[in-house]
Amino acid sequence: MTDVTSDAAATRLRRSPLHERHTAAGAKFAPFGGWEMPLEYAGGGVLKEHAAVRTAVGVFDVSHLGKARVTGPGAAEFVNSCLSNDLRRIGPGRAQYTLCCDDATGGVVDDIIAYLYADDHVFLIPNAANTAEVVRRLRAAAPERITVTDEHEAYAVLAVQGPRSGELLAALDLPTEHGYMSFDAANLAAVELTVCRTGYTGELGYELVVPAEHAVTVWDALFAAGEAFELRACGLAARDTLRTEMGYPLHGQDLSLDITPVQARSGWAVGWDKPAFWGRDALLAEKAAGPRRTLRGLVAVDRAIPRPGMTLHVGDKQVGTVTSGTFSPTRKQGIALALLDTDASLAEGDEVQVNIRGRQAPLRLQKPPFVTPSTH
């Protein structure tokens, strides 16, 4: 769900409450969704940070992610009438991946994690760059009894991810036994926080939602206990390689106002039987007619590394465009997500060509994830 902003100079970049800790750790910073956030750290870099999450445990500061709260009588019912997934599928204490779609076109305004506290209380985590727009749309639709609060800078979010993440949190007496996509209240060093069994890496992992003024206390506690578990600070570059290995979409590339859930094969995050949600009519029509393009996975046959925006061909015919592409540190080969024309009739195992610096390189269709997930 992380989004990247390239035009950093045009606006003042927000900073995480952990900025000084990142500076001390030798972080290289980059703009992400209007925030100045760690891209990678000295003494490791993307490959070591990626490996730490796949083999031990890494912690990401993802405080740039948005936070919004919807409260009041019938808040959950209201959110359910707006966002794509069906909150009735879960109960209090559970989280759900969902989409905020444009009502007219069905395009994706943002992808969001919704945390259901009660019938009158839903907490949302959108992407950084889209938080204000999501809040605007919800406020515009909300009846008087419903309050939508933008809490973007009120909380820090620390993603503790990897096969040893549970061991680390247990050593700090934090809850770890709750199920995937659920959350518990907890206390660490006299700080009240929420431990969410969620993440964006495909590994066992947790996200800690912490009041911003206490973020340093929690960060320091994690690292004080973390040496025994090979904890490593990880930047958003490793987060991107990890999510691409899982085939998780990035808003602005694999999902957007121009890329619908039907095209992105995210129909599993749509409550098709619900009587109302934004974009319902447009998406039902597209689903019935069949999308003109769909998001597919690709792996490099040789040493090619596909990148976003590269065009894909079969012979002389362009059949699609790479939306996300990178080198997979786990597989040690190039991988990608791409929008491919449905009329090209491409099947798993078929090959397409990508032009990389004047050379035609073959890519083979393969359904993601590209590595075995370990979220459960």
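In this chain, numbering begins with 1 at the start of the sequence shown.
- L255 places a side-chain heavy atom less than 4.5 Å from the side chain of S266.
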*asked:* As a quick check of understanding, evaluate side chain to side chain contact (heavy atoms under 4.5 Å, CB included) for F183 and T198, giving each step before the final call.
replied: CA-CA 8 Å; F183 59 96; T198 50; over 6 Å; no
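- Remark: the backbone N or O of L87 is not paired with any side-chain donor or acceptor of R94 at under 3.5 angstrom.
- No more than 12 heavy atoms of other residues, nucleotides or ligands sit less than 6.0 Å from atom CG of D119.
- Within the 4.5 Å cutoff, the side chain of T326 has heavy atoms near those of the I335 side chain.
- Remark: C82 SG to L99 CG distance equals 13.5 Å, nearest 0.5 Å.
- Taken together through direct or relayed side-chain contacts under 4.5 Å among Ile, Leu, Val, Met, Phe, Trp and Tyr, V322 and I259 form parts of separate hydrophobic clusters.
- Side chain to side chain, Y97 and D111 meet the donor-acceptor criterion of an N or O pair below 3.5 Å.
- Across all their heavy atoms, P368 and L337 have their closest contact at CG-CD2, 3.8 Å.
- When atom types are taken as modelled, the side chain of R54 and the backbone of T201 share a donor-acceptor pair closer than 3.5 angstrom.
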field: Full working for side chain to side chain contact (heavy atoms under 4.5 Å, CB included) between I356 and M310
entry: CA-CA 8 Å; I356 299 180; M310 291 181 173; 3.9 Å; yes
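- Considering CG of D240 and CD of E245, their distance stands at 10.5 Å, rounded to 0.5 Å.
- Counting heavy atoms of neighbouring residues, nucleotides and ligands inside a 6.0 Å radius, atom CD of E20 does not exceed 12 of them.
- Paired with E348 under the rule salt bridge (charged side-chain N to carboxylate O under 4.0 Å, His left out), one option of K367, R364, R296 passes, and it is R296.
- The heavy-atom pair separating A186 from P175 by the smallest distance is CB-CD, 3.5 Å.
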*I would like to know whether F29 and T23 meet side chain to side chain contact (heavy atoms under 4.5 Å, CB included); could you show each step before the answer?*
CA-CA 9 Å; F29 293 94; T23 300; 3.7 Å; yes
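- Of all heavy-atom pairs spanning E207 and Q161, the tightest one is CG-NE2, 4.3 Å.
- Hydrophobic clustering of Ile, Leu, Val, Met, Phe, Trp and Tyr side chains at less than 4.5 Å, counting indirect connections, keeps L158 apart from I113.
- Residues E286 and R292 are not paired through a salt bridge, judged by the lack of any N-O separation under 4.0 Å between the basic side chain and the carboxylate.
- The shortest non-hydrogen separation linking W35 to L13 is N-CD2, 4.0 Å.
- Within 6.0 Å of the CD atom in E192, the count of heavy atoms belonging to other residues, nucleotides or ligands does not exceed 12.
- Judged purely by atom type and a 3.5 angstrom limit, Q333 uses its side chain to pair as donor or acceptor with the backbone of A300.
- More than 12 heavy atoms of other residues, nucleotides or ligands lie within 6.0 Å of CD in Q360, so this atom counts as buried by the packing criterion.
- Of all heavy-atom pairs spanning V53 and C234, the tightest one is CG2-SG, 3.9 Å.
- Here R232 does not pair with E49 in a salt bridge; the nearest charged N to carboxylate O distance is not below 4.0 Å.
- A donor-acceptor distance shorter than 3.5 angstrom exists from the side chain of H251 to the backbone of V109, with no hydrogens or angles considered.
- Ring-plane geometry between Y206 and H178 is classed as tilted, the angle between the planes lying from 30 to 60 degrees on a 0 to 90 degree scale.
- For K274 (side chain) and L83 (main-chain N/O), a donor-acceptor pair under 3.5 Å exists by modelled atom type.
- Side chain of D103 to backbone of G279: a donor-acceptor contact under 3.5 angstrom is found.
- In this model, a donor atom of one side chain and an acceptor atom of the other lie less than 3.5 Å apart for H121 and R69.
- Note that the CZ atom of F32 and the CE atom of M37 stand 8.5 Å from one another [nearest 0.5 Å].
- In terms of modelled atom types and a separation under 3.5 Å, the side chain of W272 and the main chain of G267 share a donor-acceptor contact.
- Residues H214 and L188 fail the side-chain proximity criterion, which asks for heavy atoms closer than 4.5 Å.
- At least one side-chain heavy atom of L346 sits less than 4.5 Å from a side-chain heavy atom of V314.
- Side-chain N or O atoms of S165 include one that pairs as donor or acceptor with a backbone N or O of G162 at under 3.5 Å.
- Between L193 and the choices N187, V218, V209, the side chain to side chain contact (heavy atoms under 4.5 Å, CB included) rule is met once, by V218.
- By the 4.5 Å heavy-atom criterion applied to side chains, Q96 and Y115 are not counted as neighbours.
- No donor-acceptor distance shorter than 3.5 angstrom exists from the side chain of H22 to the backbone of S16, with no hydrogens or angles considered.
- A 4.5 Å side-chain heavy-atom check between R239 and V62 finds at least one atom pair inside the cut-off.
- Few gaps surround CZ on R331; more than 12 heavy atoms of other groups in view lie less than 6.0 Å from it.
- Ion pairing between a basic and an acidic side chain is recognised when a charged N comes within 4.0 Å of a carboxylate O; R243 and D254 show such pairing.
- Closest non-hydrogen pair, S81 versus F78, comes out as OG-O, 2.6 Å.
- Distance OG1/T131 to CG/L124: 9.5 Å, rounded to 0.5 Å.
- Looking at S256, its side chain does come within 3.5 Å of a backbone N or O of D258 through a donor-acceptor pair.
- Within the 4.5 Å cutoff, side-chain heavy atoms of L365 are placed close to those of L298.
- R137 has its side chain within reach of W278: a pair of non-hydrogen atoms, C-beta onward, lies under 4.5 Å apart.
- Side-chain contact of T311 with Q318: a donor-acceptor pair under 3.5 Å is absent, judged by distance alone.
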